[in-house]
Visitor: 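Sharing a structure below in structure tokens format, with a few things to ask.
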Amino acid sequence: MRILAIESSCDETAAAVVEDGRKIISNIVFSQVDMHALYGGVVPEIASRKHVEVIDQVVQHALRDAGCSLSEIDAVAATAGPGLIGALLVGLNYAKSLAFASDKVFIPVHHIRGHIASNYLTHPDLEPPFICLTASGGHTMIVHVRDYTEMEVIGISRDDAAGECFDKISRVLGLGYPGGPAIDNAQAGGDDKKYPLPIAKVTDHAYDLSFSGVKTAAINTIHHAEQTGEKLDIPSFAASLCRAVSDALVPRVLEACRQYCLKKLAVCGGVSANSTIRSDLQKAAKEEGLSIYFPDMKLCSDNAAMIGSQAYYEYLAGKRGSTGQNAISNLDISEDISRIDE
Ligand code: KG4
Ligand code: ZN
């Protein structure tokens, strides 16, 4: 089954053709990152307008790269949420119009479920159940993936997402947007113990997280250095920040695997590209005897291939979107997004 999938929840306009949920036939991502970098973060109105401008070209490009015409596509899928509402509506309405005009099935997809599915594209052997750490610019959560369309958030950041923390600190440091890759690249040769930052502690819940304390402490350190004329050692500061975020995430994820008696651990979302988090999790998984799964680097950040993968499993579970399918800016991962109607 060939699915044409569209993703436009934030600042990437993306389209892909995916076969049977596991094979990428084409995968086109138009990133608006340079436009938003001018403002130090995503400007929702600019994101929506740019999606409108390029979506048709991006979809045509994906079909052309796949070497297939619309008649060879079995279903059309799109991210329906969570995300920026104006941005979501562009991809969702385009996909709905295309599906209904060409008499094809339409499948709405939950963006975070899509991120989890990025691992199915990278690892043909991966099947639920497993624990998945999902860390992106908007969300940081630990998910118990019981089945392809049955999942539950068992731990969540009570304040900032890990990616947001990197983005905000990078802006104050003057390293630009997006902050995660900038900080990750800046840490080369740094000493991760030079600037000890507080490791988030949520004492009343085993898997919940918090990143606002790390963010505030890091920003205070930068301002303090500016006020006293101290020259910040950027590689060590970046390494210390990556260390603090990783030390907040890793023990909780491992504890979740132990408590749920699961030997498979997957990671996804933009922050899963972080080199410290990757190597810490790899080391810990080896010690604990866990199989660990990371998406291919190009599938860590937003793309439509992951939406096409999850759409296939939603289709198998009988999920279909109607012409009334609406977008939603926030929805728990356990909810059925195909029931969000106008
Ligand atoms: O999943 P994603 O592309 O978009 C959302 O759904 O939010 O994640 C983007 C986030 C940004 O906050 C970005 O700074 C972060 O992922 N990110 C990283 C790295 N690469 C991207 N964070 C830490 N280290 C990285 N190497
Ligand atoms: Zn995302």
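Just the heavy atoms: all of them, side chains too, but no hydrogens, waters or symmetry mates, feed the values below.
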Visitor: So do the side chains of I28 and N303 get within less than 4.5 Å of each other, counting heavy atoms only?
Guide: no

Visitor: So which atom in A66 and which in R2 form the shortest heavy-atom distance, rounded to 0.1 Å?
Guide: O-NH1, 4.1 Å

Visitor: Please determine whether residues L290 and F130 belong to a single hydrophobic cluster, defined as Ile, Leu, Val, Met, Phe, Trp and Tyr linked transitively by side-chain heavy-atom distances below 4.5 Å.
Guide: no

Visitor: Salt bridge between E288 and K263, side-chain N to carboxylate O under 4.0 Å?
Guide: no

Visitor: Answer yes if the ring centres of Y120 and Y312 are under 6.0 angstrom apart, and no otherwise.
Guide: no

Visitor: Answer yes or no: does atom NE2 of H224 have more than 12 heavy-atom neighbours from other residues, nucleotides or ligands under 6.0 Å?
Guide: no

Visitor: Side chain to side chain contact (heavy atoms under 4.5 Å, CB included) with S9: which of D302, I307, L84?
Guide: D302

Visitor: Could you check whether E53 pairs with R49 (Lys NZ or Arg NE/NH1/NH2 to Asp/Glu carboxylate O, under 4.0 Å)?
Guide: no

Visitor: Any side-chain donor-acceptor pair under 3.5 Å between H110 and E335?
Guide: no

Visitor: Should V253 and Y207 count as side-chain neighbours, where that means a heavy-atom distance under 4.5 Å?
Guide: no

Visitor: Are F294 and I116 linked, directly or through intermediate hydrophobic residues, by side-chain heavy-atom contacts shorter than 4.5 Å (ILVMFWY only)?
Guide: no

Visitor: For the NE2 atom of H205 and the CZ atom of R252, what is their distance to the nearest 0.5 Å?
Guide: 10.5 Å

Visitor: Rounded at 0.5 Å granularity, tell me how far OG1 in T79 sits from CD in E7.
Guide: 3.5 Å

Visitor: Between D204 and R158, does any side-chain N to carboxylate O distance fall below 4.0 Å?
Guide: yes

Visitor: Look up atom OG in S118 and atom CD1 in I24, then write down how far apart they are to the nearest 0.5 Å.
Guide: 9.5 Å

Visitor: Please check if any side-chain donor atom of E72 sits under 3.5 Å from a side-chain acceptor atom of S69, or the reverse.
Guide: yes

Visitor: Yes or no on side chain to side chain contact (heavy atoms under 4.5 Å, CB included) for I292 and Q282, after CA distance, side-chain angles and deciding distance?
Guide: CA-CA 7 Å; I292 185 145; Q282 242 141 9; 4.3 Å; yes

Visitor: Please report the C-alpha distance between I131 and Y260 in whole Å, then the side-chain angles of each, then the deciding distance to 0.1 Å, and finally whether the side chain to side chain contact (heavy atoms under 4.5 Å, CB included) criterion is met.
Guide: CA-CA 8 Å; I131 294 292; Y260 284 76; 4.2 Å; yes

Visitor: What closest approach, in Å, do S26 and A62 show between heavy atoms, and which atom pair accounts for it?
Guide: OG-O, 2.7 Å

Visitor: List the steps and the verdict of side chain to side chain donor-acceptor pair (under 3.5 Å) for S8 and H51.
Guide: CA-CA 7 Å; S8 71; H51 286 312; 4.8 Å; no

Visitor: Would I199 and V202 show up in the same hydrophobic cluster when neighbours are defined by side-chain heavy atoms closer than 4.5 Å?
Guide: no

Visitor: Determine whether Q310 and H111 make a side-chain contact, defined as any pair of heavy atoms from C-beta on separated by less than 4.5 Å.
Guide: no

Visitor: Under a 4.0 Å N-O cut-off, is there an ion pair linking K194 with D233?
Guide: yes

Visitor: Identify the heavy atoms of A87 and S48 that sit nearest to each other, and give their distance.
Guide: N-OG, 3.4 Å

Visitor: What is the minimum heavy-atom distance between P128 and Y148, and which atoms define it?
Guide: CD-CZ, 3.4 Å

Visitor: Checking D296 against K298 for the salt bridge (charged side-chain N to carboxylate O under 4.0 Å, His left out) test, could you report, in this order, the C-alpha distance in whole Å, the side-chain angles of both residues, the deciding distance, and whether it holds?
Guide: CA-CA 6 Å; D296 195 282; K298 68 175 187 306; 3.6 Å; yes

Visitor: Indicate whether any N or O donor in one side chain lies under 3.5 Å from an N or O acceptor in the other, for E152 and S334.
Guide: no

Visitor: Side chains of Y94 and D56: is there a donor and an acceptor less than 3.5 Å apart?
Guide: yes

Visitor: Out of D191, D280, T276, which residue meets the side-chain hydrogen bond (donor to acceptor under 3.5 Å, both in side chains) rule with R243?
Guide: D280

Visitor: Distance only, no hydrogens: is a donor on one side chain within 3.5 Å (strictly under) of an acceptor on the other, for E12 and S31?
Guide: yes

Visitor: Do D159 and S210 get their side chains close enough for a donor-acceptor pair, meaning under 3.5 Å?
Guide: yes

Visitor: Do the side chain of S246 and the main chain of C242 share a donor and acceptor less than 3.5 angstrom apart?
Guide: no

Visitor: What's the spacing between I337 CD1 and T149 OG1 if we round to 0.5 Å?
Guide: 13.5 Å

Visitor: Given S212 and D160, is the side chain to side chain donor-acceptor pair (under 3.5 Å) satisfied, shown in steps?
Guide: CA-CA 6 Å; S212 70; D160 297 332; 5.1 Å; no

Visitor: Any side-chain donor paired with an acceptor under 3.5 Å for H115 and T134?
Guide: no

Visitor: Is it true that the NZ or CZ of R320 lies under 6.0 Å from the centre of Y315's six-membered ring and within 45 degrees of the ring axis?
Guide: yes

Visitor: Specify the closest pair of heavy atoms between A95 and A78, including all atoms of both residues, with the distance to one decimal.
Guide: CB-CB, 3.5 Å

Visitor: Using side chain to side chain contact (heavy atoms under 4.5 Å, CB included), reason through L126 and Y293 one step at a time and then give a plain yes or no.
Guide: CA-CA 8 Å; L126 177 63; Y293 303 87; 3.7 Å; yes

Visitor: Is there a path of hydrophobic side-chain contacts, each under 4.5 Å between heavy atoms, that joins V33 and L38?
Guide: no

Visitor: How far does CG of L89 sit from NZ of K96, to the nearest 0.5 angstrom?
Guide: 8.0 Å

Visitor: I'd like to know if V271 and L173 are part of one continuous hydrophobic network [Ile/Leu/Val/Met/Phe/Trp/Tyr, side-chain heavy atoms within less than 4.5 Å].
Guide: yes

Visitor: Working to the nearest 0.5 Å, report the span between CD of E19 and CD1 of I25.
Guide: 4.5 Å

